[in-house]
Chemist: 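Mind looking over this structure? Questions follow.
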Amino acid sequence: MADTFSLQRVLEAFRSSMSENKEVYIKYYIAGWQELVSFMNSLGNVFSFISKDVVNKIQILENFLSGESGSYYVTIQSMVKYELENELVDLTKRGSHPESGCRTLLRLHRALRWLELFLERLRTSTEDGKTSVMCSDAYNESLAQHHPWLIRKAVGVAFCALPGRDTFFDVMNAGDHTQVVALLGESLPLIAEVYQITEDLYAKNHLLELP
């Protein structure tokens, strides 16, 4: 993980993650996520409940990439095809493949939607905008539906401790606030496109509710 977060590196990673025919390279998807973990960690322990799980999921995917079947894990599309054809995914209940690539990436996919929604709210917010409200609204639209009540409750409390809008803009290391907003304006459509490509692929293969 990078020591300091760079919004520019997020932009570059997600831009590199898409091939000309809109396949998504897992290597660069992971790189984008590693930067987003640095972003979450730079804000203290508030996001640790998500960032720790993300780091674990990244490691699982990296192990697939470097393993003997790594050539099948170059893109999200090739991974889905390979794992489904070889019955390497637990489709109805967790069994012999609890950490399949498809299931692992689905968890990252859901978290990516939350971050995308939150950063978009941050991008369009006013100076007096409350980051706790932005983050909670984004969470309730995305990750909350996949978490049990106890976690949702704990998350709600954690978000109350979020720093102000200025702090978020400062940790992005992208210049003044106008420059940060502009760079977010470049980065978020790329993240949204990668998310939608993945969403469509998973929907087509009935993988959006993997246990």
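Everything numeric here is computed off the predicted structure, so don't read it as measured data.
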Chemist: With sequence neighbours excluded, what pairs up with Arg113 under the salt bridge (charged side-chain N to carboxylate O under 4.0 Å, His left out) test?
Modeler: Glu116
Chemist: For the CG atom of Leu190 and the CD atom of Glu193, what is their distance to the nearest 0.5 Å?
Modeler: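 Between atom CG of Leu190 and atom CD of Glu193 there are 7.0 Å.
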Chemist: With sequence neighbours left out, write down each residue that passes side chain to side chain donor-acceptor pair (under 3.5 Å) with Glu87, or none if nothing qualifies.
Modeler: none
Chemist: Checking side chain to side chain contact (heavy atoms under 4.5 Å, CB included) for the pair Val74/Met79: CA distance, chi angles, key distance, verdict?
Modeler: CA-CA 7 Å; Val74 172; Met79 175 189 74; over 6 Å; no
Chemist: Check whether any side-chain heavy atom of Pro211 sits under 4.5 Å from a side-chain heavy atom of Thr92, and report yes or no.
Modeler: no
Chemist: Would you say the side chain of Ser16 lies within less than 4.5 Å of the side chain of Tyr25, judging by non-hydrogen atoms?
Modeler: no
Chemist: Tell me which pairs pass ring pair (Phe, Tyr, Trp, His ring centres under 6.0 Å) where either residue lies in residues 187-211, with sequence neighbours left out.
Modeler: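 Checked against ring pair (Phe, Tyr, Trp, His ring centres under 6.0 Å) - neighbours excluded - the pairs reaching residues 187-211 are His109-Tyr195.
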Chemist: How close do Phe5 and Val171 get, counting heavy atoms only, and between which atoms?
Modeler: CD2-O, 3.3 Å
Chemist: Determine which pairs satisfy salt bridge (Lys or Arg N to Asp or Glu O under 4.0 Å) with at least one residue from residues 60-83, sequence neighbours left out, and list them in order.
Modeler: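 Every salt bridge (Lys or Arg N to Asp or Glu O under 4.0 Å) pair that includes a residue of residues 60-83, provided the two are not neighbours, is Lys81-Glu85.
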Chemist: Tell me, please, which residues at least two apart from Glu99 pass salt bridge (charged side-chain N to carboxylate O under 4.0 Å, His left out).
Modeler: none
Chemist: Which pairs pass salt bridge (Lys or Arg N to Asp or Glu O under 4.0 Å) with one or both residues in residues 179-192, sequence neighbours excluded?
Modeler: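 Sorted result for residues 179-192: Arg15-Glu186.
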Chemist: When rounded to the nearest 0.5 angstrom, what is the spacing between OG in Ser69 and CG in Asn86?
Modeler: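 Nearest 0.5 Å value for the OG-CG distance: 8.5 Å.
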Chemist: List the atom pairs, donor and acceptor, that lie under 3.5 Å between side-chain atoms in residues 129-138 and the rest of the protein, sequence neighbours left out.
Modeler:
{"residue": "Thr131", "atom": "OG1", "partner": "Pro163", "partner atom": "O", "Å": "2.6"}
{"residue": "Ser136", "atom": "OG", "partner": "Ser132", "partner atom": "O", "Å": "2.8"}

Chemist: Considering only residues two or more places apart or on different chains, which pairs with a residue in residues 65-105 satisfy ring pair (Phe, Tyr, Trp, His ring centres under 6.0 Å)?
Modeler: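 Listed by first then second residue: Phe64-Tyr73, Tyr72-Tyr82, Tyr73-Tyr82.
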Chemist: Does Gln34 reach the side chain of Val55, with side-chain heavy atoms less than 4.5 Å apart?
Modeler: no
Chemist: Please, which pairs that meet ring pair (Phe, Tyr, Trp, His ring centres under 6.0 Å) have at least one residue in residues 126-152, sequence neighbours excluded?
Modeler: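 Every pair satisfying ring pair (Phe, Tyr, Trp, His ring centres under 6.0 Å) with a residue in residues 126-152: Tyr139-His147, Tyr139-Phe159.
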Chemist: Which residues pass the side chain to side chain donor-acceptor pair (under 3.5 Å) test with Tyr28, not counting sequence neighbours?
Modeler: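 For Tyr28 there are no side chain to side chain donor-acceptor pair (under 3.5 Å) partners, ignoring immediate neighbours.
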Chemist: Scan Leu36, Leu143, Leu117 and name whichever one has a side-chain contact (heavy atoms from CB on, under 4.5 Å) with Leu112.
Modeler: Leu36
Chemist: Do the non-hydrogen side-chain atoms of Leu65 and Ile30 ever get within less than 4.5 Å of each other?
Modeler: yes
Chemist: Return the minimal non-hydrogen interatomic distance between Leu11 and Ser187, and the atom names on each side.
Modeler: CB-OG, 3.4 Å
Chemist: Looking at every heavy atom in both Leu201 and Gln77, which two are closest together, and how far apart are they?
Modeler: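 Where Leu201 meets Gln77 most closely, the heavy atoms are CD2-CA, 3.9 Å.
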Chemist: Is Leu210 close to Asp90 at the side-chain level, that is, under 4.5 Å between some pair of heavy atoms?
Modeler: no
Chemist: Could you pull out the closest heavy-atom pair between Lys22 and Ile197, with the gap in Å?
Modeler: O-CG2, 3.6 Å
Chemist: So how far is it from Phe169 CZ to Glu127 CD, rounded to the nearest 0.5 Å?
Modeler: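 If we round to the nearest 0.5 Å, Phe169:CZ and Glu127:CD are 9.5 Å apart.
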Chemist: Please table the atom pairs, donor to acceptor, closer than 3.5 Å between any side-chain atom in residues 45-53 and protein atoms at least two apart or in another chain.
Modeler:
{"residue": "Ser48", "atom": "OG", "partner": "Asn45", "partner atom": "O", "Å": "2.9"}
{"residue": "Ser51", "atom": "OG", "partner": "Asn41", "partner atom": "OD1", "Å": "3.3"}
{"residue": "Ser51", "atom": "OG", "partner": "Phe47", "partner atom": "O", "Å": "3.4"}
{"residue": "Asp53", "atom": "OD1", "partner": "Lys57", "partner atom": "NZ", "Å": "2.8"}

Chemist: Taking Thr178's backbone N and O only, do any of them form a donor-acceptor pair with Asp176's side chain (distance below 3.5 Å, no angle check)?
Modeler: yes
Chemist: Do Leu43 and Leu162 pass the side chain to side chain contact (heavy atoms under 4.5 Å, CB included) test, and can you show the C-alpha distance, the side-chain angles, and the key distance before you say yes or no?
Modeler: CA-CA 8 Å; Leu43 294 159; Leu162 282 175; 5.5 Å; no
Chemist: Of all heavy-atom pairs between Arg103 and Ser100, which one has the smallest distance, and what is that distance?
Modeler: N-OG, 3.2 Å
Chemist: Does Ile191 form a side chain to side chain contact (heavy atoms under 4.5 Å, CB included) with Val194? I'd like the steps, not just the answer.
Modeler: CA-CA 5 Å; Ile191 293 175; Val194 168; 5.9 Å; no
Chemist: Any side-chain heavy-atom pair from Phe39 and Leu119 closer than 4.5 angstrom?
Modeler: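 In contact.
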Chemist: Side chains of Thr75 and Ile26, heavy atoms from C-beta outward: is any pair under 4.5 Å?
Modeler: no
Chemist: Could I get the full list of salt bridge (charged side-chain N to carboxylate O under 4.0 Å, His left out) partners for Glu199, not counting sequence neighbours?
Modeler: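 Scan of Glu199 (salt bridge (charged side-chain N to carboxylate O under 4.0 Å, His left out), adjacent residues dropped) gives none.
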Chemist: How many angstroms lie between CD in Glu35 and CE in Met40, if you round to the nearest 0.5 Å?
Modeler: 11.5 Å
Chemist: Would you indicate whether the side-chain heavy atoms of Ser6 and Asn173 approach each other to under 4.5 Å?
Modeler: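 SC-SC contact between Asn173 and Ser6 ruled out.
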Chemist: Let's go through Leu91 and Leu207 carefully: what are the C-alpha distance in whole Å and the side-chain angles of both, what is the deciding distance for side chain to side chain contact (heavy atoms under 4.5 Å, CB included) to 0.1 Å, and is it a yes or a no?
Modeler: CA-CA 7 Å; Leu91 295 173; Leu207 298 174; 3.7 Å; yes
Chemist: State, without any angle test, whether Ser125 and Arg165 hold a side-chain donor-acceptor pair at a distance under 3.5 Å.
Modeler: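 Yes.
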